[in-house]
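One structure is given below, encoded as structure tokens.
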Amino acid sequence: MSGETPARYQPQTTEAKWQAAWDAAGCFVARRDPARPKYYVLEMFPYPSGRIHMGHVRNYTMGDVVARYKSARGHSVLHPMGWDAFGMPAENAAMQEGANPAEWTYRNIAVMKGQMKPLGLSIDWSREFATCDPEYYGQQQAMFLDFLEGGLVYRKAAVVNWDPVDMTVLANEQVIDGKGWRSGAEVERRELTQWFFRISEFSEELLTALDGLENWPEKVRLMQKNWIGRSRGLQFGFSTVDAPEGFERIEVYTTRPDTLMGASFVAVSPDHPLARHLERHDSEVAAFNAECRRIGTTEEALEKAEKRGLDTGIRVRHPFDTAWELPVYIANFILMDYGTGAIFGCPAHDQRDFDFATKYGLAIPTVFVPEGEEDAPLAEAYVPPKTERVHYVRGFAGEEVQTGDAAVEAAIDFCESRGVGQGVTKFRLRDWGLSRQRYWGCPIPVVHCETCGVVPEKKENLPVELPSDVSFDQPGNPLDRHPTWRNCACPRCGEPARRETDTMDTFVDSSWYFARFTAPRAQTPTVAAEVDYWMNVDQYIGGVEHAILHLLYSRFFARAMHRTGHLPAKAIEPFDALFTQGMVTHEIYMTRDARGRPVYHLPEEVEDGKLRATGEAVQVVASAKMSKSKKNVVDPVNIIERFGADTARWFVMSDSPPERDVEWTSAGAEATFKHLSRVWALSERIAAMPEGGPAPGDGDLMRAMHRAIDEVTRTIEGFAFNKSIAALYTFTNALAKAEASGAASRQAARVLAQLMAPMVPHLAEEVWAMQGGEGLVTEAAWPEADPAMLVSDTVTLPIQINGKRRAEITVAADATKDEVEKAALADDAVLRFLAGAAPKKVIVVPGRIVNVVL
RNA sequence: GCGGGUGUGGCGGAAUUGGCAGACGCACUUGGUUUAGGUCCAAGCGCCGCAAGGCGUGGGGGUUCAAGUCCCUCCACCCGCACCA
């Protein structure tokens, strides 16, 4: 480093220098190395929106800490990066600014990559790809064809949000209060024939395999379990009275057959065949069904809507008593997708049914009551857990007092023996609809032929590339109205045919990118030798908002890829460990305009609670996820320019546990910069220390050093990076105050550099070089803590009297319980409290605490 | 509505999983050094109280020698809900 060493910590110059050094040494190029254990760390890849944000910085820094740490521990590390590049924002930009989606996307990728590079992430950029590269989506199309051949893809009708003014399909987020976001028109539900992945074939398997995902957060496994929603129930048919021809029976599915004697009505979905039949002949039914279809397609909207029904006039006979007739309603809260699209309502033991029965004046017969209570009219539905024992007053199978679970099984057995339906297992999980009526996605590689029907494209014709000459001046899918793109020859008969114009859901793109990173340029989707070596992802890191869909779809895809020969059996669970990180939040600064509407201000426009420009006081609203609409965003680019990447990286890793939200504050960023500056100055001071002989403080410093190694190692392993940072503060303070020799101080400073390196790699290289470290700290082996240096020979124990801390004693670390008790009872403070009396009880927890009970 | 989660000083959080609540950092206060750049150093800092002492982990109740941690109950906020990525 010679005399050119800057006089101050100057990340702007040093960070670029070390990044160039890492590149020159090829530190981050992933290599298959049979001599070393491999480690694959992956952060969920970003959508190229145009700028990186602090959430990205936090996400990728976490992955970087793991990657650099594992590398120092001797692993051959794969740490790639790519772009989830298809999606609606590119089309929106095309519509609003006339941009070309591909150009817009690749421009954004270039900008974001330019913003990410200065962060100094240990990424193997040679493996980079975007999902909108024909090279990538062509392989995706090849797999689609394999899935099709393997019976994992099929077509069926499904409902979409239809905007009747824009004549286009809307995403759920484009439907606001039941109206199209652009046109403002009432959105309709419309049926289209669409492509589906047969994920439901794996329902049972995807559920049971969750148990093996021990390194996934418990909450994510639980959410997936509930989403898959396995249930045991009874399916049976009610025979009808006065029903149209062909509807002699209505099949229902219930998870509570034990409440069959509490039935008071039958309800069918507005999309049920019976409801559809009736609406053709009955204007009242047609109007009601149309009203229901306006609610939208999300489960949330259906559940929140007011529960409404229409009496069809049709009745059904109770299976146990043909004289007992129940009315049949069409009801807006019955889902056609779940079960049979028809239910019987038991208002006494289901709150929705209770509300419905109350509204329409239907009977509410009680089936069971709490043990030891009498049957009495209910004010609300009585819904105890199925594991609780209750007293059946209208039971028909099993014991009079039993749990709900037992009653359900008894009811199924009873019904089956009487020929009333059969016990079935059903899943909530529906097949995955992948068709999108949009341009900017992976084309579905099939052809529609007049004579041959739906024909897969030949693999040698892949990729089916998107045309670039498209216009967005009118609504709808540009592929549909492209003059030539749709025209093609039938791969089977050669006659003129028409391409499929639907493209794939972008979740398809992100369901296998992790596998593609192992061989990103291959002419096949994957390469056996590479997936065998690199899979599985050892550590996957991303937002909890992906807990269900992305992760479940990826688990399905891995199985489908295995079945079609693209992944080995060991990779059917592609992510060995999952970590879900929290968001980066910031305070919101708000003023109001003349009409009292809120006006938001960027943090850099505000100083000391006032607007910089006008001096007007701003209202500070509680911290929330950074969002453009609230303007509570801090641009990482500005932070890196001002303080350097290490400050940004250190800050997002400090304070909050990684799984929780972290609040960005300018004071915190400044404090981080000051700390890193102090470390730099401290290192410079230590580098200049004379050699000298051993000093009295050497022992203490070495003990502090080994404690730091131990603490930082354990906390990185445990994904508690905030605690790693706290340990680094403690060690730095100890080093700054140590009265140690030059040799010991330099050794400690080198270890400090190694321990800091995963979080602040550039500063770590500076310190390492100043202390005469060999080569790059990035390539140095992780230090080991000496266990002998971690223990002390005495320990100070608190003494409680009746659970309140009153004194403390210092005893030998290996003192027996009796010795500790004797020492505690001899303590002055304890003697004062005892006042001559004998204690009732003395609890000694070795190494922890003593509690004297009077 | 359903499913999942979170709640500890002025602020972010820690607590070895039932054993000293507040580690570490920010902010703040006091003192010192130096004043040029974004200073640095030392000390203090949960709340009430002059003190002795009392109170304190979202609210209420319980189990225990001992509860932030376990149980019951209530409240608030956040995330997901299948076409946002």
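Proteins come first, then strands; the chains are lettered A, B, ... in the order of their sequence lines, and each starts at number 1. The basis for the numbers below is simple: all heavy atoms, side chains too, and nothing from hydrogens, waters or symmetry mates. All values reported here derive from a predicted model rather than from experimental measurement.
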>> Counting the atoms with a prime plus P, OP1 and OP2 as sugar-phosphate, which does A:Arg678 contact under 4.0 Å by heavy atoms, base, sugar-phosphate, or nothing?
In response: sugar-phosphate

> Rounded to the nearest Å, what distance is computed from the CZ atom of residue A:Phe86 to the P atom of nucleotide B:A85?
Replying inline: 12 Å

> Any N or O donor-acceptor pair linking the side chain of A:Gln800 to the base of B:C20 at under 3.5 Å?
Replying inline: no

>> If I take atom NZ in residue A:Lys674 and atom P in nucleotide B:G37, what distance separates them, rounded to the nearest angstrom?
In response: 13 Å

>> Give me the atom names and distance for the closest heavy-atom approach of A:Ser203 to A:Leu429.
In response: OG-CD2, 3.7 Å

>> On RNA chain B, does the nearest nucleotide to A:Val159 precede the nearest nucleotide to A:Ala667 from the 5' side, or the other way round? Give the residue.
In response: A:Ala667

> B:C2 P sits how many Å from A:Asp355 CG, rounded?
Replying inline: 11 Å

> P atom, B:G59 versus B:G12: distance in rounded Å?
Replying inline: 16 Å

>> Pair A:Thr168, A:Gln437 - check side chain to side chain contact (heavy atoms under 4.5 Å, CB included), show working.
In response: CA-CA 8 Å; A:Thr168 191; A:Gln437 293 70 39; over 6 Å; no

>> Is it the case that the base of B:C83 and the side chain of A:Asn172 share a donor-acceptor contact (distance under 3.5 Å, atom types as modelled)?
In response: no

> Across all strands, who's sitting opposite B:G18 as a Watson-Crick or G-U wobble pair, both distances under 3.5 Å?
Replying inline: none

Which protein N or O atoms sit under 3.5 Å from an N or O of nucleotides 3-6 of chain B?
from	atom 1	to	atom 2	distance (Å)
B:G3	O3'	A:Asn226	ND2	2.8
B:G3	O2'	A:Asn226	ND2	3.0

>> Partner lookup for B:C40, please. Criteria are Watson-Crick or G-U wobble with both distances under 3.5 angstrom; report none if nothing qualifies.
In response: B:G32

>> Distance to the ring centre below 6.0 angstrom and angle to the axis at most 45 degrees; does that hold for A:Arg428 and A:Trp227?
In response: yes

> Out of B:G12, B:G1, B:G80, which has the shortest distance to the side chain of A:Glu303?
Replying inline: B:G1

>> Can you check the distance between B:G19 and B:G31, where both ends of the measurement are the P atom (answer in whole Å)?
In response: 42 Å

> Syn versus anti for B:G62, judged by chi lying within 90° of 0?
Replying inline: anti

> Considering only heavy atoms and no angle criterion, is a donor-acceptor pair shorter than 3.5 Å present between the side chain of A:Gln194 and the base of B:C83?
Replying inline: yes

> Base, backbone or nothing for each nucleotide of nucleotides 28-33 of chain B, written B, S, -, heavy atoms under 4.0 angstrom, 5' to 3'?
Replying inline: ------

>> Does B:A82 have OP1 or OP2 under 4.0 Å away from a side-chain N or O of A:Arg430?
In response: no

> Are A:Glu670 and A:Arg642 within salt-bridge range, i.e. N to O under 4.0 Å?
Replying inline: yes

> Just wondering, more than 12 heavy atoms not from A:Glu739 lying within 6.0 Å of its CD?
Replying inline: no

> What's the verdict on side chain to side chain donor-acceptor pair (under 3.5 Å) for A:Asn92 and A:Gln96, showing C-alpha distance, side-chain angles and the deciding distance?
Replying inline: CA-CA 6 Å; A:Asn92 293 339; A:Gln96 283 156 17; 5.5 Å; no

> Taking atom CE of A:Met95 as the centre, does the number of heavy atoms from other residues, nucleotides or ligands within less than 6.0 Å exceed 12?
Replying inline: yes

>> Between B:A76 and B:A67, how many Å separate the two P atoms, rounded to a whole number?
In response: 28 Å

>> Whole angstroms only, please: what is the CG-C1' distance between A:Asn638 and B:G38?
In response: 16 Å

> Reckon A:Gln437 touches a base, only the sugar-phosphate, or nothing at all at heavy-atom distances under 4.0 Å?
Replying inline: base

>> Please report the distance, rounded to the nearest Å, between CH2 in A:Trp680 and C1' in B:C40.
In response: 15 Å

> Taking RNA chain B as the partner, which of residues 722-735 of chain A come within under 4.0 angstrom of it by heavy atom?
Replying inline: A:Asn722, A:Lys723, A:Ala726, A:Tyr729, A:Thr730, A:Asn733

> Which listed nucleotide (B:G1, B:C79, B:A85) is nearest to the side chain of A:Val544?
Replying inline: B:C79

>> Could you identify the nucleotide paired to B:C2, looking across every strand shown and requiring Watson-Crick or G-U wobble geometry with both distances under 3.5 Å?
In response: B:G80

> Mind checking the C1' distance from B:U6 to B:U69? Whole angstroms is fine.
Replying inline: 15 Å

> Taking atom types as modelled and ignoring hydrogens, do the side chains of A:Thr796 and A:Thr810 form a donor-acceptor contact shorter than 3.5 angstrom?
Replying inline: yes

> Which part of the nucleic acid does A:Gly433 contact within heavy-atom distance under 4.0 Å: base, sugar-phosphate only, or nothing?
Replying inline: sugar-phosphate

> B:G13 P sits how many Å from A:Asp661 CG, rounded?
Replying inline: 8 Å

>> Which heavy atom of A:Tyr60 sits nearest to which heavy atom of A:Met44, and what is that distance?
In response: OH-O, 3.5 Å

> Would B:U17 be called syn or anti, given that syn covers angles within 90° of 0?
Replying inline: syn

>> Using whole Å, what does the distance between atom P of nucleotide B:C11 and atom CZ of A:Phe651 come to?
In response: 16 Å

> Can a cation-pi geometry be assigned to A:Lys426 and A:Tyr338, taking NZ or CZ under 6.0 Å from the six-membered ring centre and within 45° of the ring axis?
Replying inline: no

> Under the 3.5 Å rule, do the base of B:C81 and the side chain of A:Glu299 count as making a donor-acceptor pair?
Replying inline: no

> Is NZ or CZ of A:Arg155 both nearer than 6.0 Å to the six-membered ring centre of A:Trp195 and within 45° of the ring axis?
Replying inline: yes

> In whole Å, what is the span from the CE atom of A:Met756 to the P atom of B:C24?
Replying inline: 19 Å

